[in-house]
Number of protein chains: 4
Amino acid sequence: MVQPKEDRRIQRTRQSLSTALLKLIEERGYDSLTVNDITEQANIGRATFYLHYEDKEQLLLESLEDMFSQLGDSIAPTAKVTGEHNSITATRLVFQHFADHHRLYRVLLTEKGAVMVFTRLLKILSQVAEQDVILKDVEQPKTGIPTHLVAHYVTGAILGLIVWWLNNDRPYSPEQMAVIYGHLMDPGATKVLGIAGAQLPDLSDVLSKR
Amino acid sequence: MVQPKEDRRIQRTRQSLSTALLKLIEERGYDSLTVNDITEQANIGRATFYLHYEDKEQLLLESLEDMFSQLGDSIAPTAKVTGEHNSITATRLVFQHFADHHRLYRVLLTEKGAVMVFTRLLKILSQVAEQDVILKDVEQPKTGIPTHLVAHYVTGAILGLIVWWLNNDRPYSPEQMAVIYGHLMDPGATKVLGIAGAQLPDLSDVLSKR
Amino acid sequence: MVQPKEDRRIQRTRQSLSTALLKLIEERGYDSLTVNDITEQANIGRATFYLHYEDKEQLLLESLEDMFSQLGDSIAPTAKVTGEHNSITATRLVFQHFADHHRLYRVLLTEKGAVMVFTRLLKILSQVAEQDVILKDVEQPKTGIPTHLVAHYVTGAILGLIVWWLNNDRPYSPEQMAVIYGHLMDPGATKVLGIAGAQLPDLSDVLSKR
Amino acid sequence: MVQPKEDRRIQRTRQSLSTALLKLIEERGYDSLTVNDITEQANIGRATFYLHYEDKEQLLLESLEDMFSQLGDSIAPTAKVTGEHNSITATRLVFQHFADHHRLYRVLLTEKGAVMVFTRLLKILSQVAEQDVILKDVEQPKTGIPTHLVAHYVTGAILGLIVWWLNNDRPYSPEQMAVIYGHLMDPGATKVLGIAGAQLPDLSDVLSKR
DNA sequence: TCCTAAGCGAGACGGTACGTCTTGTCTTCCA
DNA sequence: TGGAAGACAAGACGTACCGTCTCGCTTAGGA
């Protein structure tokens, strides 16, 4: 069942490239990087790069995929819990994720970044959000608004917050952001979905702990 | 008072380039375009391009700037009206704007697009939104949440909706989208800002007219 | 019969261009000069240049034409004199000419120069030389060697000397060069042409005056 | 002892470029050629050209260098022979060389040529000639004329003949040209150098075999 | 223990786009 | 009307990067 050693060697090469890319993105943004920059940073021959990836975009996607699925995995369980604070827990985990990789995301989500990051995030997060919406929708009467639409609304709002948060050096903790988000979002989307909002901590209490 | 003819000639050249770029973006996306593609489409010498713009990114920004300011101008007046439906009017105008240029934005806001479009839109729209938020904030007690933050929240949510809307061939009219947005947003953000929401048309009434 | 003022103005423009070109050649060679360099030096609009000349080569040729014909004019009369030292006088005048414009020719006849200068000089000087050869040939029995050939031989030899002379900062006076040339050339070519050489000053006398 | 294959590949590329250049020069002259013309003719990528040469001038020089050294090698041994006809043998070899590449040189030495060809030829040939002059000078009393000067004289004369010869479709054989040159040159330069001329075939005998 | 196939570094190469430079043409305006 | 100013098309320049390729080196896994 063990992987042959050859494969481990390959994994090391791919890992080096991935690490090198993420490091360079933090330093110099994504667009201006060349394949040569990446392979040099990784101490890998340029030709070798093309044995593993078609282009730097594919490398980025595969590199992010890890992080994304990691994010998805951490949120997924919360969706099944119908307890009171599940929603706030999920959003807190989202903010936590972006905080964990803040240097990287700050670059990717602003001017030196890559188009597809926004798009991908919107798609991936909205799928997660949709699961959530559907779950609640099943329990409660529908409102006629497509769940996809609500999911994009919710996700867009979160990403808007995250961009602001990262660009302003995260003046609040992930928990605080989650509470703020809850207060902004809950009454509206919740009402539309016809369900009662979760119990949220008092807003001014939370903000004062800044 | 008339512009010398030289200047008009220059304007015509710049206009040709701008038009050519936007047309090509709709057809082939932004990233893969070359300066040569653009100048060829515009029937302009490639060297001439560099007399006017540093690179295609600058051309795109200047081209979009027109549209953005056009959008800003159409929304601005509504911000000063404190009548009931001002907010819904403003958001309707936003959706209308993206509908007017839907082919272009659909490309720019998805995978073949340009990085900075998201960023710019977020910045520009959130500035407009902020004016709105501030206006309301002045009238009512503050909540301690930075207006920048709320503005990004609002803007992100709208952009989320717009991405969904464009990717799904705009199944609702701009008016309908504005009402949906109002229902999703109003109770939450409005409550946080401590003011009463505007009177919104009934949601099911609006959706049934699809 | 006087030239209208306009024409004099034209002449001034052409003169400026010519002067500017020759000045710049001395400083920077010919090949690397641009039309812009020339018109800038001459304080003339670049477009104006093209009203008068097709390209910088034509300007150079016309500029050199003056000097060449000036050289031709000074030599011509000596060809008709059959007195003893006519030959040495003619060659002295040739060396004198190159000394007069030594900075210019040094550039043109070496690495930064223009192809056609060598060719043109060879053609023009050999035509003059041919006149000389023919004159003598008429007086004396032919040898069967084409006069063109002899003329090119003679001219090539002189140009070889001139290149050496200019490249070595003219260590001898034009007169000395003419005598040297006479001693190197006279017995050979003269014998072939079947005529007696002119009386030449003693070589060591001449060289010692260096 | 064999060259690694890489190096042979490089040599093939360089050879292709060299061959292509010389071919194109014969057809279209030198000045008007572009790097693209050359690489296209050689079936080489334009960028690859710049891996090997800085510009087309350097390529020309390296290409000519081969031929020049080939010429030098063929003449060199004759300089050491003090037998009677060594001089005529050397000059015959020079004329032979230009005959071998007459199409190329005809273009290079006339209006469509390259500046540096004259200069280089003058320099290279005069160095060879100088060896010859020095050799003879050593055996005989000096005359006070710098050997450089004599070498340039001799070389210029030969180049003059060659230009005429090539421009007139080589009406004489290299041997005939060598004899003509010998008759024109020998008495003069030889006398100056203070040595007896070699035995030359009778001029009219040689010319009649045309 | 050797040997043999795979991963890899090195780098030549064709190709494409870049941004710059120069040319020659044109148009407008000024003296 | 001659010239200055300068926009423009055309096209070559030299550079940068891409993706492909061929070549040896090394290095493990199976003989």
Side-chain angles (χ1 to χ4, degrees), chain A residues 4-14 16 32-40 42-56, chain B residues 4-14 16 32-37 39-40 42-56, chain C residues 4-10 12-13 16 32-37 39-40 42-56, chain D residues 4-14 16 32-40 42-56:
Chain A
K5 284 196 177 175
E6 279 302 334
D7 285 15
R8 271 189 257 143
R9 194 175 163 197
I10 292 179
Q11 282 318 305
R12 264 201 31 243
T13 298
R14 297 172 75 97
S16 299
S32 73
L33 296 180
T34 71
V35 172
N36 200 36
D37 292 334
I38 300 166
T39 54
E40 220 160 72
N43 267 316
I44 297 278
R46 196 164 66 88
T48 305
F49 177 94
Y50 292 102
L51 293 179
H52 298 285
Y53 304 98
E54 285 193 356
D55 47 32
K56 69 169 179 167
Chain B
K5 285 197 176 175
E6 277 301 333
D7 285 16
R8 269 189 259 144
R9 193 176 165 196
I10 292 179
Q11 283 318 307
R12 262 198 36 240
T13 297
R14 297 172 78 96
S16 299
S32 74
L33 296 180
T34 71
V35 172
N36 199 35
D37 292 335
T39 54
E40 219 160 72
N43 267 316
I44 297 277
R46 195 164 68 89
T48 304
F49 177 94
Y50 292 101
L51 291 180
H52 297 286
Y53 304 98
E54 286 193 356
D55 47 32
K56 67 170 180 168
Chain C
K5 283 194 179 177
E6 279 304 336
D7 284 16
R8 268 191 258 143
R9 194 175 163 197
I10 293 179
R12 267 204 25 246
T13 298
S16 300
S32 73
L33 297 180
T34 71
V35 172
N36 199 34
D37 292 334
T39 54
E40 219 160 72
N43 267 316
I44 297 276
R46 195 166 64 87
T48 306
F49 176 94
Y50 292 101
L51 294 179
H52 297 286
Y53 303 97
E54 285 192 356
D55 47 32
K56 69 170 180 169
Chain D
K5 285 197 176 175
E6 278 300 333
D7 285 15
R8 272 190 256 143
R9 192 176 166 199
I10 292 179
Q11 282 318 306
R12 263 200 34 240
T13 298
R14 296 172 78 97
S16 299
S32 74
L33 296 180
T34 70
V35 172
N36 199 36
D37 292 335
I38 300 166
T39 54
E40 219 159 72
N43 267 316
I44 297 276
R46 193 163 68 89
T48 304
F49 177 94
Y50 292 102
L51 290 180
H52 298 285
Y53 304 98
E54 285 193 356
D55 46 32
K56 67 172 180 167

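In the text below, chain A, chain B and the rest are named by the order of the sequence lines, each starting its count at 1. Atoms considered below: every heavy atom in the structure, side chains included; atoms not considered: hydrogens, waters and symmetry mates. Source: prediction; values computed, not measured.
The salt bridge (charged side-chain N to carboxylate O under 4.0 Å, His left out) test applied to B:D55 returns no partner, not counting sequence neighbours. Residues satisfying the salt bridge (charged side-chain N to carboxylate O under 4.0 Å, His left out) test with D:R14, not counting sequence neighbours, are D:E62. Remark: D:T48 pairs with no residue by the side-chain hydrogen bond (donor to acceptor under 3.5 Å, both in side chains) rule, at least two apart or across chains. Scanning for side-chain contact (heavy atoms from CB on, under 4.5 Å) contacts around B:R46 gives B:V35, B:N36, B:T39, B:Y50, with sequence neighbours left out.
Here B:H52 reaches the OP1 or OP2 of F:dC8: one of its side-chain N or O atoms lies under 4.0 Å away. Under 4.0 angstrom from either OP1 or OP2 of E:dG7 there lies no side-chain N or O belonging to A:T48.
Nucleotide F:dC8 holds its C1' atom 13 Å from the CG atom of B:N43, rounded to whole Å. Look at CG on A:L51: it is 8 Å from P on E:dG7, rounded to the nearest Å. In this structure, D:E40 places its CD atom 13 Å from P of E:dG14, rounding to the nearest Å. In this entry the distance linking CZ of D:R8 with C1' of F:dC23 reads 12 Å, nearest Å. Rounded to a whole Å, the CD atom of A:Q11 is 15 Å from the C1' atom of E:dA6. When rounded to the nearest whole Å, the span between OH of B:Y53 and P of E:dC18 equals 16 Å.
Considering OG1 of B:T13 and CD1 of B:I44, their distance stands at 4.5 Å, rounded to 0.5 Å. Distance CG/C:D37 to NZ/C:K56: 8.5 Å, rounded to 0.5 Å.
Where C:T13 and B:I44 each meet DNA chain F at their nearest nucleotide, the meeting point lying more 5' is that of C:T13. Take the nearest nucleotide of DNA chain F for B:R12 and for C:G45: the residue whose nucleotide is more 5' is C:G45.
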Find every protein N or O atom lying less than 3.5 Å from an N or O atom of nucleotides 14-18 of chain F, and list the pairs.
| residue | atom | partner | partner atom | Å |
| --- | --- | --- | --- | --- |
| F:dG14 | OP2 | D:Y50 | OH | 2.6 |
| F:dG14 | N7 | D:R46 | NH1 | 3.0 |
| F:dG14 | O6 | D:R46 | NH2 | 2.7 |
| F:dC18 | OP1 | A:V35 | N | 3.2 |
| F:dC18 | OP2 | A:V35 | N | 3.1 |

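Across all their heavy atoms, D:A42 and D:S16 have their closest contact at CB-O, 3.6 Å.
D:T39 comes within 4.0 angstrom of no nucleic acid atom, judged by non-hydrogen atoms across all strands.
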